[in-house]
Each structure stands twice: as structure tokens, then as C-alpha cells.
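Quick notes on the structure that follows.
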There are 2 protein chains.
Amino acid sequence: MLTEERQAAILALLEKQQVVKSKELVEQLDASESTVRRDLATLEAEGELIRIHGGAKKKYTIDEEEAMEDKTIKNVHDKRLIAKKAVSTVQDGETIYLDAGSTTYECIEFLAAKKVTVVTNGIPHAVALVEKGVNTILIGGQIKPKTKAVVGATASAQLEQYQFTDAFLGMNGIHSTYGLTTPDVEEAALKKTALQQANQSYVLADASKFDKVHFVRVCELDDAILVTTAGNPWIERLDLDDKTMIWEA
Amino acid sequence: MLTEERQAAILALLEKQQVVKSKELVEQLDASESTVRRDLATLEAEGELIRIHGGAKKKYTIDEEEAMEDKTIKNVHDKRLIAKKAVSTVQDGETIYLDAGSTTYECIEFLAAKKVTVVTNGIPHAVALVEKGVNTILIGGQIKPKTKAVVGATASAQLEQYQFTDAFLGMNGIHSTYGLTTPDVEEAALKKTALQQANQSYVLADASKFDKVHFVRVCELDDAILVTTAGNPWIERLDLDDKTMIWEA
DNA sequence: ATCATATCAATCAATAACAGTCAAAACCCT
DNA sequence: AGGGTTTTGACTGTTATTGATTGATATGAT
């Protein structure tokens with residue numbers, strides 16, 4: 001059996017098996033212990049798997065893989081900058097809507113320092129807020145499994161009961177013609193309601209969201225203040241006026 | 001079985017049941033007591049779980065502090081028995097209210113096997129339910145920081161919109177004269193509403209709750225079916241009729 | 001509070017898996 | 001076919017993991 005053939009077989013086995021024992025491989029591949037060990041060492045050096053005592057395991061479990069996605073250092077850093085800037089206008093005593101999403105999640109740390117009431121549809125957001133001692137109201141309704149966001153008719157109806165000083169919203173697409181868009185109909189409906197109920201709305205978005213268009217339009221560009229780290233090219237391109245707040249990274 | 005394999009199996013088991021016995025692991029993993037204990041020590045050092053006498057518990061259970069109180073092996077075992085018995089009457093297609101609390105949390109695993117809609121005021125409950133693919137509605141409102149339960153006027157109002165086939169409630173005190181009681185006024189109000197909206201209510205309580213009285217009375221003893229592992233002494237003492245369901249441990 | 005039991009941490013010897021080395025075998029090219 | 005390279009399998013000493021055993025500690029029942 002050829003070297004590459006063996007190594008491919010090892011990876012194939014790992015695809016469906018999570019872990020493989022060295023012994024097991026010695027039998028199945030009909031190779032010596034040394035050879036198997038060498039193969040494993042090679043594959044580990046190539047980043048194809050991780051060796052463990054007695055064999056090897058898959059490089060990433062599914063969970064870890066999803067956690068990796070889109071979570072580059074730069075993105076997180078930008079999100080924190082955006083969150084800090086957006087929250088900087090908040091005064092004590094205000095009532096705030098905090099949309100579900102990873103960028104808005106970064107706001108929590110900065111909101112915790114102020115005496116505010118926060119309404120949110122993000123379950124992780126609500127948990128983090130109460131743990132930091134913030135007066136928190138969680139919107140009720142159906143739960144979107146992937147994002148742990150509460151959505152649906154019940155949620156919208158409940159949201160209509162509240163009036164907000166500020167609303168902080170995440171957004172997936174920002175486009176000069178198509179405005180602000182998201183891929184999910186129900187999330188869009190909730191965002192629209194929040195916009196209506198808020199005295200002033202802020203949309204938090206890093207540069208990766210610009211020039212993207214998604215399925216549902218939430219509102220026009222000038223219905224909310226855009227908070228971002230994106231630079232001048234975008235300011236001109238989107239024809240943003242001074243109402244729009246830009247944070248130069 | 002490889003080290004990592006074993007440790008992954010331990011964590012997988014903990015994901016299902018809040019605690020595992022060392023003995024149980026020795027059998028299932030076919031490893032010595034020493035090895036199991038070493039694995040637990042390693043995983044604890046990595047912050048993957050918390051060791052308790054006789055085994056280990058999940059790191060972030062429902063509520064860190066409440067978990068400290070009574071996450072003994074025996075208590076959890078009883079709670080699982082109670083939960084299993086209580087849920088055994090549930091049929092496909094029913095709509096269920098699941099109260100916040102650690103005993104009701106144990107119901108989730110058994111509910112996941114059925115095609116039901118679950119309404120809950122427990123945030124950890126809601127998260128666990130959606131992750132198991134159960135159609136879940138979370139009640140909105142204020143959040144009680146300690147227990148991560150949603151309570152308050154908004155929550156009660158929202159709860160009144162729903163009708164339930166069964167309601168599964170936790171309870172802190174069970175007493176022949178004072179009935180069913182809890183320490184928190186707002187939680188009591190929500191439990192009362194749930195009782196009203198449910199066709200049949202079940203109160204899940206282990207032996208430690210008997211003969212205790214707390215601040216607020218929720219209802220009379222015979223307003224709900226009591227599901228417990230407590231034995232004969234209590235059945236007589238509380239003068240329970242056959243409407244009350246008892247599970248002999 | 002006290003005792004019987006179960007669980008614990010710590011230690012140790014036996015075993016299994018390890019990295020590194022080397023010579024034989026297989027491979028490749030001319 | 002022959003010289004050089006690569007790959008392989010056996011062997012070495014070293015290290016990691018394991019299960020049994022010890023006395024200490026915690027738990028539950030009386």
C-alpha cells in the first residue's frame with residue numbers, strides 16, 4: 001500500500017469516526033507500528049489531524065468549527081470599537097432596545113456601567129445583562145435555534161408595548177440602493193418594530209456588511225444612525241450625511 | 001478505549017444528565033476507578049466540569065448557586081425519576097407549560113422524545129429545548145438573576161394567552177396545612193397563572209421539600225397532582241388521596 | 001453526635017505507547 | 001542492471017497511562 005493511499009485511508013476513517021487507535025490502523029492498513037506513527041506525525045504536521053496518546057483525533061469537532069467561522073481577531077476588535085462608540089451616547093435612566101447578534105452583544109460590557117433598563121430579544125444578551133446587574137427585560141416568543149434570538153408575532157406584539165430612548169440593531173446588509181437588509185423575515189419584522197418604538201435607532205455594522213444585500217429590507221439608510229469602522233470610501237459611496245456617525249478605526 | 005475518547009464520552013454523558021456517578025462511568029467506560037477519577041480531575045482542571053462527591057456535575061447547570069446547594073448524586077437521581085414519571089403521561093401533540101427550576105429541567109430530556117409544544121419561563125430550559133429540536137416558546141419579561149427565570153406582570157399577561165394540556169411546576173414547600181408554597185411573590189403569581197391555564201397540573205418535588213413552608217402560597221395540595229419519590233410516611237401525613245401520583249423510589 | 005460505608009487523593013509497579021536510530025527492502029531513474 | 005533515494009520495519013531507551021493498594025476523608029443512617 002502506498003504512502004498517500006494509507007494517509008488518505010486514515011483521514012477517511014477519521015471522517016466518520018472522531019478518533020482512531022494506532023493499533024486499529026496497524027491492522028487495517030497492514031503496516032508496521034512505526035509506519036503508522038510516521039503517517040500520523042506527517043498528517044499532524046500538515047494540520048490534517050491531531051495526535052493523541054494511542055492514536056489520533058479529528059482536528060475540529062463540528063462545534064469548534066462553527067465557533068471558528070467569522071470570528072477573526074479583527075472582526076471582534078472592530079465589533080468592540082463599534083459597540084463602544086454606539087453606547088457612548090447613552091445616559092443614565094434611559095430605556096434601550098438591544099437587538100440579538102454578535103455586534104450588539106459587545107455593547108453589554110459598556111452598558112453595564114450605566115443605570116439603564118435594557119429590553120432585548122437575544123437570550124445570551126439577556127443572561128449576560130442580568131449577570132452584570134443590568135435591569136433587563138427579555139422579549140418572549142418563538143426561539144430561533146441557530147442564533148438564540150426570540151422572534152415571531154408574540155415577540156413583535158410585546159415589543160410594541162415599550163418605548164425606547166435608543167435602539168441598537170445589528171444588520172446583515174448595507175447598500176446604497178437597497179438600504180438595510182437581513183436574511184430572516186421574522187427578525188426583520190422585529191427590527192422594524194424596534195425602529196418604530198425607538199426615539200433614535202443605531203445600526204451597528206462592521207465593514208464586511210457593506211455593499212451586501214439580503215432577502216428582507218428593514219428600512220432606508222437614513223432611518224437610523226450607522227455606527228461602523230468602515231472608512232471614507234464607503235461614506236462617499238453611500239452618500240451619508242453628517243447625521244450618520246462614523247467611527248474611524 | 002483511548003483517553004480522549006473516554007473524556008469525550010464523559011462530557012457527552014454530562015450533556016444529557018446533569019450529573020454522573022463515578023461507578024456508572026467505571027461500568028460504561030470499562031475503566032478502573034483510578035482512571036475514571038483521573039479523567040474527572042483532568043476535565044475539572046480544564047474547566048469542563050465540576051467534581052462532586054461520587055462523580056461530577058455539569059459546569060454551568062441551571063444556576064450556579066442553587067446548584068451548589070443540592071446537586072448531590074442522590075438528589076439529582078431522585079429528580080430524574082420524578083421528571084420521568086411526570087412526563088410519562090404526555091402524549092404527542094400536547095401543549096405543555098414547563099416551570100423554571102432544576103427538577104423541571106430534568107423533564108427536558110424526556111420531553112424531547114415527544115412531539116409537543118413547550119412554553120416555559122426558564123431561560124436555560126428554553127435553550128436546552130430548542131437545542132433538542134422541541135418547538136419552544138419562551139415567556140418574556142423581567143429576569144430573576146439568581147434562577148434565570150422570567151417573572152413579572154408582563155410574563156403573567158403573556159402566559160394568559162396560552163392554554164395548556166399539562167403544566168409541570170416546581171415547588172419549594174409542601175405542607176398539609178399550608179399547601180404548596182414558594183419564597184418568591186412573582187414566581188408564585190406565575191405559577192398560579194399556569195395552574196389556571198392548564199387542564200392538569202403536576203407539582204414535581206423531592207422529599208426535601210416536604211413539611212416546609214415558604215412565604216407565598218400558590219395553591220392547595222389537591223389543586224395539582226404531586227409527583228415525588230417520598231415514601232409512605234408522607235403520603236399518610238399529608239392525607240393524600242389516589243388522585244395524587246406517587247412514585248416509589 | 002457516632003458509626004459503618006463509600007469515596008477520595010496519593011503512591012507504585014506494570015504495561016502500553018512514545019521518539020529516535022539504523023539497516024534492510026522497495027522504489028526510481030538512467 | 002546498478003547507484004542513489006525513499007520508505008519501511010525492527011530495535012532502543014524513555015515517557016505516559018493504567019489499575020491495585022494504601023490510609024485519609026466525606027457521606028448517610030441510626
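Residue numbering restarts at 1 for every chain, and letters A, B, ... go by the order of the sequence lines.
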Which residues in residues 20-27 of chain B have a heavy atom closer than 4.0 Å to any atom of DNA chain C?
B/S22, B/K23
Length of the CZ-C1' vector between B/R6 and D/dT17, whole Å
8 Å
Collect all protein-nucleotide pairs involving nucleotides 23-27 of chain D in which both atoms are nitrogen or oxygen and the distance is under 3.5 Å.
none

Polar atom pairs between nucleotides 28-30 of chain D and protein, under 3.5 Å, N or O only, would you list them?
none

Does B/R37 pair with B/E33 as a salt bridge, N-O distance under 4.0 Å?
yes
So do the side chains of B/N199 and B/D166 get within less than 4.5 Å of each other, counting heavy atoms only?
no
Determine the contact category for A/I52: base if any of its heavy atoms lies under 4.0 Å from a base atom, sugar-phosphate if only primed atoms, P, OP1 or OP2 are that close, otherwise nothing.
sugar-phosphate
N/O donor-acceptor pair under 3.5 Å between B/T193 side chain and B/S156 backbone
no
5' to 3' on DNA chain C, which nucleotides open and close the contacts with chain A (atom under 4.0 Å from a heavy atom)?
C/dA17 to C/dA19
Is it true that a side-chain atom of B/H175 and a backbone atom of B/T177 form a donor plus acceptor pair closer than 3.5 Å?
yes
Quick check: on DNA chain C, is the nucleotide nearest B/G55 upstream (toward 5') of the one nearest A/G54, or the reverse? Name the residue that is more 5'.
B/G55
What is the distance, rounded to the nearest whole Å, between atom CG of A/L29 and atom P of D/dT8?
11 Å
Think A/T35 has a side-chain N or O under 4.0 angstrom from the OP1 or OP2 of D/dG9?
yes
D/dT8 C1' sits how many Å from A/D39 CG, rounded?
11 Å
Not counting sequence neighbours, which residues clear side-chain hydrogen bond (donor to acceptor under 3.5 Å, both in side chains) with B/T182? List them please.
none
For a salt bridge (Lys or Arg N to Asp or Glu O under 4.0 Å) with B/E109, tell me which candidate from B/K79, B/R80, B/K16 qualifies.
B/R80
Partners meeting side-chain hydrogen bond (donor to acceptor under 3.5 Å, both in side chains) with B/Q161 (sequence neighbours left out)
none
Within the 4.5 Å heavy-atom criterion, are A/K58 and A/L49 side-chain neighbours or not?
no
Could you check how far CZ of A/R38 sits from P of D/dG9, rounded to whole Å?
8 Å
B/S176 OG to B/D211 CG distance, which is reported to the nearest 0.5 Å
6.5 Å
Please state how far atom CZ in B/R37 lies from atom P in D/dG19, giving the value in whole angstrom units.
13 Å
Salt-bridged, B/D39 to B/R6, with N to O below 4.0 Å?
yes
End-to-end axis angle, where each axis spans five pairs of the helix from C/dA1-D/dT30 to C/dT30-D/dA1, to 10°:
60°
Please identify each residue that fulfils salt bridge (charged side-chain N to carboxylate O under 4.0 Å, His left out) with A/R51, with sequence neighbours left out.
none
Distance, rounded to the nearest Å, where A/R51 contributes CZ and D/dT17 contributes P:
13 Å
Would you please name every residue forming a salt bridge (charged side-chain N to carboxylate O under 4.0 Å, His left out) with A/K144, sequence neighbours left out?
A/D184, A/E187
If the condition is ring-ring contact (aromatic ring centres under 6.0 Å, His included), which residues does A/Y105 pass it with, not counting sequence neighbours?
A/H125
Can you see if the side chain of B/S34 gets near the phosphate of D/dG19 - specifically, an N or O under 4.0 Å from OP1 or OP2?
no
By side-chain hydrogen bond (donor to acceptor under 3.5 Å, both in side chains), B/E94 pairs with (sequence neighbours left out) none
If you apply the rule salt bridge (Lys or Arg N to Asp or Glu O under 4.0 Å), what do you find for B/E5 with A/K21, and how did you get there?
CA-CA 10 Å; B/E5 223 175 343; A/K21 299 190 236 297; 3.4 Å; yes
Can you list the residues that meet the side-chain hydrogen bond (donor to acceptor under 3.5 Å, both in side chains) rule with A/S32, with sequence neighbours excluded?
A/T35
B/M1 CE - D/dT17 C1' separation (whole Å):
16 Å
